[in-house]
Amino acid sequence: PAAAASSKPPYSFSSLIFMAIEDSPQKRLPVKDIYGWIVSNFPYYRTATGGWRNSVRHNLSLSKSFRRIQRDKSQSVGKGSLWCVCPEYRLALLEGLRKTHSYHGSSSCLINKPVL
DNA sequence: AAGACTGTAAACAACA
DNA sequence: GTGTTGTTTACAGTCT
């Protein structure tokens with residue numbers, strides 16, 4: 001049913017950020033691409049009003065799970081830093097995802113992607 | 001009951 | 001100058 005207006009995904013911003021980064025080839029993304037991944041995978045945020053981007057940034061800065069790393073300075077393209085998942089918190093994030101969404105069998109779920 | 005986690009808003013500096 | 005990036009404080013609700 002395409003008529004189903006996309007409601008707010010049940011994922012926390014931490015989870016969304018985590019999934020976005022894990023889904024990236026080099027496990028690191030600039031904020032802009034984190035936005036993009038979220039919008040691409042959760043249409044709700046395509047039209048979502050309000051400061052969800054603010055929340056994403058807030059979460060990146062606040063959470064110990066994510067670390068800001070300097071962009072390759074020989075590549076002057078792109079602004080801002082790259083964000084990655086702290087290895088020591090990765091399992092906890094993964095576990096958090098599985099815990100909150102432990103409904104078994106939904107193979108269409110994003111977290112079941114071979115991202116590990 | 002208390003602390004962690006979550007979501008939202010907002011002020012602000014640094015930057016390109 | 002403007003929009004983006006990043007940090008920070010504050011407040012309320014939820015979960016453990």
Side-chain angles (χ1 to χ4, degrees):
Chain A
S6 54
S7 53
K8 188 167 188 166
Y11 300 100
S12 69
F13 284 114
S14 293
S15 295
L16 292 174
I17 295 167
F18 172 66
M19 290 187 284
I21 295 176
E22 287 291 309
D23 200 23
S24 69
Q26 298 174 327
K27 310 288 187 263
R28 52 187 63 179
L29 287 178
V31 270
K32 189 179 181 182
D33 290 358
I34 295 177
Y35 298 156
W37 186 94
I38 293 175
V39 166
S40 298
N41 291 274
F42 296 96
Y44 165 85
Y45 289 105
R46 198 168 52 83
T47 60
T49 69
W52 65 270
R53 284 168 229 265
N54 189 0
S55 296
V56 168
R57 274 179 276 120
H58 169 69
N59 211 303
L60 284 171
S61 283
L62 193 56
S63 173
K64 301 189 94 56
S65 304
F66 308 114
R67 190 192 304 272
R68 192 170 65 82
I69 59 185
Q70 191 178 20
R71 206 189 278 261
D72 188 348
K73 64 180 179 180
S74 64
Q75 304 270 358
S76 62
V77 63
K79 39 228 163 238
S81 313
L82 299 176
W83 294 88
C84 64
V85 177
C86 291
E88 55 268 44
Y89 289 95
R90 203 181 88 94
L91 284 180
L93 286 168
L94 212 47
E95 187 58 29
L97 266 181
R98 185 169 342 167
K99 192 167 187 177
T100 358
H101 307 94
S102 58
Y103 43 81
H104 326 84
S106 63
S107 57
S108 64
C109 184
L110 275 170
I111 38 183
N112 292 333
K113 289 172 70 172
V115 130
L116 324 176

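As the structure is a computational prediction, the values presented were derived from the model and not from experiment. Chain identifiers are assigned alphabetically (A, B, ...) following the order of the sequence lines, protein sequences preceding nucleic acid strands; residue numbering begins at 1 within each chain.
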Review point. Is there a donor N/O on one and an acceptor N/O on the other, under 3.5 Å, for the side chain of H58(A) and the base of dT7(C)?
Key: no

Please give, in whole Å, the distance from [N] [atom2] to [X] [atom1]?
X: R53(A); N: dT5(C); atom1: CZ; atom2: C1'; value: 13 Å
X: L60(A); N: dT4(C); atom1: CG; atom2: P; value: 16 Å
X: N59(A); N: dT6(B); atom1: CG; atom2: P; value: 7 Å
X: F18(A); N: dC5(B); atom1: CZ; atom2: P; value: 16 Å
X: R57(A); N: dA14(B); atom1: CZ; atom2: C1'; value: 13 Å
X: L97(A); N: dC5(B); atom1: CG; atom2: P; value: 15 Å
X: K79(A); N: dT4(C); atom1: NZ; atom2: C1'; value: 8 Å
X: W52(A); N: dT5(C); atom1: CH2; atom2: P; value: 11 Å

Do you know which two heavy atoms are closest between [X] and [Y], and how far apart they sit?
X: K8(A); Y: Y44(A); result: N-CD1, 3.5 Å
X: Y45(A); Y: V39(A); result: O-CG2, 3.9 Å
X: M19(A); Y: L97(A); result: CG-CD1, 3.9 Å
X: C84(A); Y: K27(A); result: CB-O, 3.5 Å
X: W83(A); Y: I34(A); result: CB-CD1, 4.4 Å

Review point. Are V56(A) and L82(A) in one and the same hydrophobic cluster, where Ile, Leu, Val, Met, Phe, Trp and Tyr link if side-chain heavy atoms are under 4.5 Å apart?
Key: no

Check your understanding: So does E88(A) pair up with K64(A), basic N to acidic O under 4.0 Å?
Key -> no

[N] OP1/OP2 closer than 4.0 Å to side-chain N/O of [X]:
X: S55(A); N: dA9(B); value: no
X: W83(A); N: dG6(C); value: yes
X: K8(A); N: dT8(B); value: yes

Exercise for review: Check side-chain hydrogen bond (donor to acceptor under 3.5 Å, both in side chains) between R57(A) and all other residues, then give those that pass, not counting sequence neighbours.
Suggested key: Y35(A)

Exercise for review: Output the distance between atom CZ (F13(A)) and atom CG (L60(A)), rounded to the nearest 0.5 Å.
Suggested key: 11.0 Å

Exercise for review: Output the residues of residues 61-69 of chain A in contact with DNA chain C, where contact means a heavy atom of the residue under 4.0 Å from an atom of the strand; sort by number or write none.
Suggested key: S61(A), R68(A)

What does the list of N/O pairs under 3.5 Å between the protein and nucleotides 2-4 of chain B look like, with a distance for each?
none

Revision key, fill the gap. Ranking G80(A) and N54(A) by the position along DNA chain B of their nearest nucleotide, the one closer to 5' is N54(A)

